[in-house]
Every structure is written in structure tokens, then in C-alpha cells.
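Encoded as C-alpha cells, the structure appears first; notes follow it.
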Amino acid sequence: MELLISTPRDFSFKRTAISHGWYGLLPFEIDRDDWLLSRVLDLKDEKPVTVAITARKRQLRINTSRRLSQKAARQVIADVRHMLRLDDDLAGFYGLMARENDFAWVPTQGAGRLLRSPTVFEDLVKMICTTNCSWALTERMVTGLVQNLGRESNDGRRTFPTPEAMSLMPLKFYTNEVRAGYRAPYFKELADRVASGSLDVEQWLHSPLATDELIKEMRGVKGVGPYAAENVLKLLGRYDGLALDSWTRAKFFTVRNNGRKASDKKIARFYSRFNEWRGLVLWCDMTRDWLEV
DNA sequence: GCGTCCAGGTCTACC
DNA sequence: GGTAGACCTGGACGC
């Protein structure tokens, strides 16, 4: 079954699909030869479905692994719009970038939409999986969660697990199977809180809280520090934080400081003039070379 | 083969 | 509020 979505004039499928590492973490998969982004979506009342997304001109084509009801098709379209940030208004950001010689490529290439998961919960768990470890271990942990706890689509691929599925597992599952190490109790506690309803992370998408207050709430989740909170904020559409980590620091040294080390304060000063967009400007700056044009 | 370092940081105790 | 030290894991590296 094929579904079609019109895309905004300033949207780039390639730039969005590879905007950061999520495309390489299950359930996401990417074929960069054919520029096909796929993943399994959880349809709650129905069996999960695998979607394969490609772009042509100003249109996305979504091929589903089986025929869907109208209700399920509407959810697939809503999830794809959410993941690819089709409803994000970046006019202010692009206007700002167009006036800067160094950053005029951003609107030209349609960079700035950061791929996200269908749920905040998935983004949050994955972000904790990126902390204090190699990318290979991040992949190992996420794969362990999906393969062991994900619901199966008709093609055998699996969803990202729900909070309920994660909550049902004992602590030793996260240490022995997921290989999460000291993060194991963090996952267990987060899943328990979300599954029980005592913490609603999906509500963060529409939170009326000021960013500082929202960060405080996010940091109430064990394993979420400044880096993880500010990166999740970017996926919520707030770009005040730089979300510095060892990778972005090293990249800044190369791209903006002639290979010399720079303090976090210096990095912050460099992007400070971009105000509420500074986190997104930094990320675009650091990933410009991810796509040959 | 073995020890050390560190990678897309965070938590806790202590000052 | 600021900071030192501990923390799982596993790949890379030097010896």
C-alpha cells in the first residue's frame, strides 16, 4: 500500500533522514544508495507495520508492509510527519541563516529538521543509550531493547518497545541482555514511571513550561544530564541548549578553531548571537559535511 | 594476551 | 553551586 505526503518547499528528505545518528538505530534503518528510510511503527490496536519512505520532488512516498485501515493510515501519516518534522516552522531560522555568509547553505540545502522518533519516550531512552559510551555500544543497547521487547511487524521486523513492555522486565534483563551496565536501573525506573502514569514524557512536546523549568523536569529522570536534556529538547523543537558532548567539542575544534582545543565558554560565545536557535545552528555547522552536494 | 584508555556523561558525596 | 571520583561496556591501542 502506498501513501503520499506533500512536503514543504524548504524540506530536504536527505538532510532530515541523516540529520543525526537516529537513522542508524533500530527500528530505523536507511539505504543510502536508494535513499530509503524505513522503520516499524506501532499501531497500538493493530499489528505493527513497516514503512519504507522515499522522496520525489515535493512528495514523500510511504510504502507499507501490508494494507491498512483508514484509521491506521492516518496514524502512519501523522507519525511520518512527526518524525520528519514536516510541520515545524523554520521560517525564522532560515531567514536568520540566509543573512549569514557562513550559514546561507542551511536554507539552501534544507538542513535543520532533526529526525525524531514517533514518541518522546523512545527518543529519551535512546538518548540515555548515547551517554558515556561508544556509538557501537549505543547500537548494541538499542538493538537489545528492540529485538527482545519490540512488537513484530508482518515482515518480522520489530517496533521500539513500549514503556509497558519495558516495565515488565526485571532489572537483570537490562544488565544481562541489553548490556546497559550502570544505566540498567535508570531504564527500569523510567519505564516504571511512564507505564504507571506518574511521568508523562509525551506531554513535554506541548509543555507550557519555560525551557529552564522543562530541563529541570527532564533532569528528574535518572541518567539525563545537561547533554541528554538539551538534545531531547532539540527533538521537542527547542534549540536554546548546545548539548555539547565529546563529539561536538572535537568537531568544533576542527571546523571552527583550526584544530585547537576550545573551552565550552568559547563554543557558547561563538553561537550566542543566534539566541533561541543557537543549538540548531551549532548542529548544522558541525554536520555540514555529512552530505555531499 | 594483557593492561589502559576512553567514547556522542551522569550521579553522589563532599566542601 | 561547584567539583572530584566512581561508574558498565567494549573497541582501540600499545607493549
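Below, each value reflects all heavy atoms present in this structure, side chains not excepted, and no hydrogens, waters or symmetry copies. Throughout, protein chains are lettered first and strands after them, A, B, ... in sequence-line order, and every chain is numbered starting at 1. Just so you know, these numbers come straight off a predicted model, no measurement behind them.
Pair assignment for C:dG2 gives B:dC14, based on Watson-Crick or G-U wobble hydrogen-bonding distances that are each under 3.5 Å. Judged by Watson-Crick or G-U wobble contacts below 3.5 Å, the nucleotide B:dG3 has C:dC13 as its partner.
Of the possible polar contacts, one joining the A:Arg278 side chain to the A:Asp240 backbone as a donor-acceptor pair under 3.5 Å is found. Under a 3.5 Å cut-off, the side chain of A:Thr54 and the backbone N or O of A:Leu36 do not form any donor-acceptor pair. Between the A:Thr159 side chain and the A:Pro161 main chain, no donor and acceptor come within less than 3.5 Å of each other. At least one donor-acceptor pair under 3.5 Å links the side chain of A:Lys126 to the backbone N or O of A:Leu26.
By the 30° and 60° cut-offs, the orientation of the rings of A:Phe103 relative to A:Phe274 is perpendicular.
For A:Glu46 and A:Lys71, the salt-bridge test fails: no basic side-chain N is under 4.0 Å from an acidic carboxylate O. For A:Asp79 and A:Arg39, the salt-bridge test fails: no basic side-chain N is under 4.0 Å from an acidic carboxylate O.
With distances taken from any side-chain atom of A:Tyr227 to the nucleotides C:dT9, B:dT10, B:dA7, the minimum falls on B:dT10. Among the nucleotides B:dC11, C:dC7, B:dG8, the one closest to any side-chain atom of A:Tyr186 is B:dC11. Among the nucleotides B:dA7, B:dG8, C:dG10, the one closest to any side-chain atom of A:Leu137 is C:dG10. The nucleotide whose nearest atom lies closest to any side-chain atom of A:Arg219 is, among C:dC7, B:dC11, C:dT9, B:dC11. Checking B:dT12, B:dA7, B:dG8 against the side-chain heavy atoms of A:Trp135 singles out B:dG8 as nearest. Candidate nucleotides B:dT10, C:dC7, B:dG8 were compared by shortest atom distance to the side chain of A:Tyr182, and C:dC7 ranks first. Of the candidate nucleotides C:dC8, B:dG8, B:dT10, B:dT10 has the atom lying nearest to any side-chain atom of A:Pro226.
Nucleotide C:dC8 holds its P atom 18 Å from the CD atom of A:Glu177, rounded to whole Å. Rounded to whole Å, atom P of C:dC8 lies 14 Å from atom CZ of A:Phe187. Protein atom CG of A:Asp245 is 5 Å distant from nucleotide atom P of B:dG9, rounded to whole Å. B:dT10 atom P lies 11 Å from atom CD1 of A:Ile215, rounded to whole Å. A:Ile128 places its CD1 atom 9 Å from the P atom of B:dT10, with the value rounded to the nearest Å. A:Asp264 has its CG atom 15 Å from the C1' atom of C:dG2, to the nearest Å. Protein atom CZ of A:Arg183 is 11 Å distant from nucleotide atom C1' of C:dG10, rounded to whole Å. If you measure from atom NZ of A:Lys251 to atom P of B:dA7, you get 16 Å, rounded to the nearest angstrom.
Within 4.0 Å of A:Thr131, counting heavy atoms only, lie sugar-phosphate atoms of the nucleic acid but no base atom. Across all strands, A:Arg249 comes closer than 4.0 Å to no nucleic acid atom at all (heavy-atom distances). Within 4.0 Å of A:Ala243, counting heavy atoms only, lies no atom of the nucleic acid at all. At a threshold of 4.0 angstrom between heavy atoms, the contacts of A:Val178 with the nucleic acid are absent.
Phosphate contact (OP1/OP2 of C:dC8, side-chain N/O of A:Arg179, threshold under 4.0 Å): absent. In this model, the phosphate group of B:dG8 is not approached by any side-chain N or O of A:Thr138 to a distance below 4.0 Å at OP1 or OP2.
If A:Ala229 and A:Ser134 are placed on DNA chain B by their nearest nucleotide, the residue sitting closer to the 5' end is A:Ser134.
Taking atom P in both C:dG11 and B:dT10, the straight-line distance is 23 Å, to the nearest Å. Taking atom P in both C:dA6 and B:dT4, one finds a spacing of 15 Å when rounded to whole Å. Rounded to a whole angstrom, the distance from the C1' atom of B:dC6 to that of C:dG5 is 16 Å.
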